[in-house]
Amino acid sequence: MSQSVSVVGLRKSYGSDADPLAVLEDVSFDVTAGEFVAIVGPSGCGKTTLLKSIAGIVDTDSGEIVTGQGPVTGPSDEIAMVFQDFRLLPWKTVLENVVMGLDIQPDRSDREAEGVAREWIETVGLAGSEQSYPSELSGGMKQRVGLARALAVDPDILLMDEPFGSLDAQTRDRLQTELLQLWNSEQTTILFVTHDISEAIYLADRILVISSKPATITAEFEVNLQRPRWGRRVEIEGSNEFERLRNRLRKKLGLTVER
Ligand SMILES: Nc1ncnc2c1ncn2[C@@H]1O[C@H](COP(=O)(O)OP(=O)(O)OP(=O)(O)O)[C@@H](O)[C@H]1O
Ligand SMILES: [Mg+2]
């Protein structure tokens with residue numbers, strides 16, 4: 001299942017009333033059910049804060065976040081987030097870390113939860129590592145655990161915060177492809193934050209550009225590249241549409257445009 005998300009006039013600041021740091025200023029956008037939307041913007045501009053607000057795990061100052069189920073007022077299992085820094089508990093095994101994501105669903109027995117967790121561990125390619133601890137895993141494996149933990153709750157909306165940013169190029173390519181295949185079969189709505197323009201184009205239906213401090217949406221680009229895209233990366237990255245989008249995005253982000 002998938003759901004739409006509407007963000008309306010979202011504002012968020014940190015700090016005290018006397019000394020506030022405005023981070024999000026009047027952020028508004030809509031995502032349709034099943035859409036894959038990428039968000040790009042400069043470092044420190046408020047991307048993580050935006051995703052945490054949508055996940056209902058930080059308080060906002062004003063504005064509204066509404067999904068197909070109604071307003072978001074706190075964390076729920078309809079929305080799951082994959083964190084930039086994995087957020088695994090070092091004293092728990094891979095299996096326990098994934099089961100942890102299911103604790104929010106009280107109607108499920110421990111045995112059922114473990115069964116679901118094992119299935120997702122297998123799906124993300126970690127079968128055999130169930131009893132390993134995070135310290136025994138590579139970065140790519142840790143991110144797979146984070147992904148399994150988020151997907152195990154069967155979310156309608158998946159928020160991904162630079163999930164592949166710290167991985168080597170080969171692992172990143174592989175995980176991008178696997179994500180596209182998963183999205184194709186699960187039909188989840190995905191909001192994917194990245195600072196990698198090529199990654200955004202390869203994955204998304206639409207790309208939102210956000211500006212720095214306070215953050216607001218400054219541009220929006222449709223990605224008119226045929227799907228499915230996996231297995232065609234070289235062709236896609238060599239296409240005119242890819243280059244055209246890449247240059248427009250670079251320009252919008254204040255980067256040099258290459259020919
Ligand atoms: N809990 C917090 N308390 C105070 N300030 C915070 C907090 N979290 C973030 N900030 C500040 O808010 C701003 C936006 O942070 P955020 O992490 O949302 O940016 P980001 O776009 O995700 O950055 P990056 O690209 O480095 O991941 C930064 O200036 C940061 O210092
Ligand atoms: Mg961030």
Side-chain angles (χ1 to χ4, degrees), residues 5 7-29 31 36-65 72-75 79-89 139-140 142-147 149-150 155 157-169 171-172 175-176 179 189-204 206-221 246 249-256:
V5 192
V7 175
V8 190
L10 190 67
R11 282 171 204 275
K12 162 79 184 162
S13 49
Y14 290 112
S16 62
D17 287 347
D19 186 21
L21 170 72
V23 176
L24 304 177
E25 180 131 306
D26 203 12
V27 175
S28 300
F29 60 91
V31 180
F36 195 133
V37 171
I39 299 174
V40 298
S43 185
C45 73
K47 303 180 296 295
T48 297
T49 304
L50 174 62
L51 289 194
K52 283 181 174 170
S53 304
I54 297 171
I57 55 180
V58 295
D59 291 330
T60 56
D61 303 345
S62 60
E64 243 196 334
I65 295 145
V72 173
T73 52
I79 307 179
M81 182 155 167
V82 177
F83 294 91
Q84 203 167 1
D85 54 2
F86 319 134
R87 298 265 175 116
L88 305 182
L89 294 179
K142 285 183 203 166
Q143 195 51 280
R144 286 168 191 268
V145 180
L147 193 58
R149 183 177 57 193
I157 298 160
L158 183 61
L159 309 175
M160 306 187 76
D161 192 7
E162 299 195 38
F164 309 144
S166 60
L167 308 179
D168 64 272
T171 310
R172 190 173 57 228
L175 284 178
Q176 285 170 347
L179 178 65
T189 307
I190 298 184
L191 254 86
F192 188 103
V193 162
T194 177
H195 58 251
D196 181 337
I197 292 173
S198 299
E199 178 172 68
I201 303 172
Y202 180 59
L203 296 176
R206 194 152 55 96
I207 302 171
L208 306 177
V209 179
I210 63 178
S211 62
S212 199
K213 285 188 191 165
T216 186
I217 310 273
T218 55
E220 184 184 320
F221 297 92
R246 199 168 144 273
L249 277 156
R250 287 187 69 88
K251 214 165 167 181
K252 199 73 210 170
L253 287 161
L255 304 166
T256 325

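Quick note: numbers below take in every heavy atom, side chains included, and nothing from hydrogens, waters or symmetry partners. Whatever order the structure lists ligands and atoms in, that order sets their numbers, starting from 1.
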Heavy-atom pair with the smallest gap, counting every atom of [X] and [Y]:
X	Y	result
Gly140	Thr171	CA-CG2, 3.9 Å
Ile207	Val40	CG2-CG2, 4.0 Å
Arg172	Leu167	NH1-O, 3.6 Å

Just list the side-chain donor-acceptor pairs under 3.5 Å for residues 189-200, sequence neighbours left out, or say none.
residue, atom, partner, partner atom, Å
Thr189, OG1, Gln3, N, 3.2
Thr189, OG1, Gln3, O, 2.6
Thr189, OG1, Gly34, N, 2.9
Thr194, OG1, Asp196, N, 2.9
Thr194, OG1, Glu199, OE1, 2.7
His195, ND1, Glu162, OE1, 2.8
Asp196, OD1, Ser198, N, 3.0
Asp196, OD1, Glu199, N, 3.1
Glu199, OE2, Gln176, NE2, 2.8

List for me each residue that meets salt bridge (charged side-chain N to carboxylate O under 4.0 Å, His left out) alongside Glu64, sequence neighbours excluded, and say none if there are none.
none
Value rounded to 0.5 Å, distance of CD in Gln84 from CG in Asp161:
4.5 Å
Residue and atom, protein N/O/S, under 2.8 Å of the Mg ion (ligand 2)
Thr48 OG1, Gln84 OE1
Donor-acceptor contact below 3.5 Å, side chain Ser28 vs main chain Gly9
yes
Please confirm whether the backbone N or O of Phe86 pairs with a side-chain atom of Arg149, one donor and one acceptor, at under 3.5 Å?
yes
For Met160, the option from Leu203, Leu51, Leu179 that meets side chain to side chain contact (heavy atoms under 4.5 Å, CB included)
Leu179
Which protein residues have a heavy atom closer than 4.0 Å to any atom of ligand 1, listed by chain and number?
Tyr14, Leu21, Val23, Ser43, Gly44, Cys45, Gly46, Lys47, Thr48, Thr49, Gln84, Glu162, Lys213
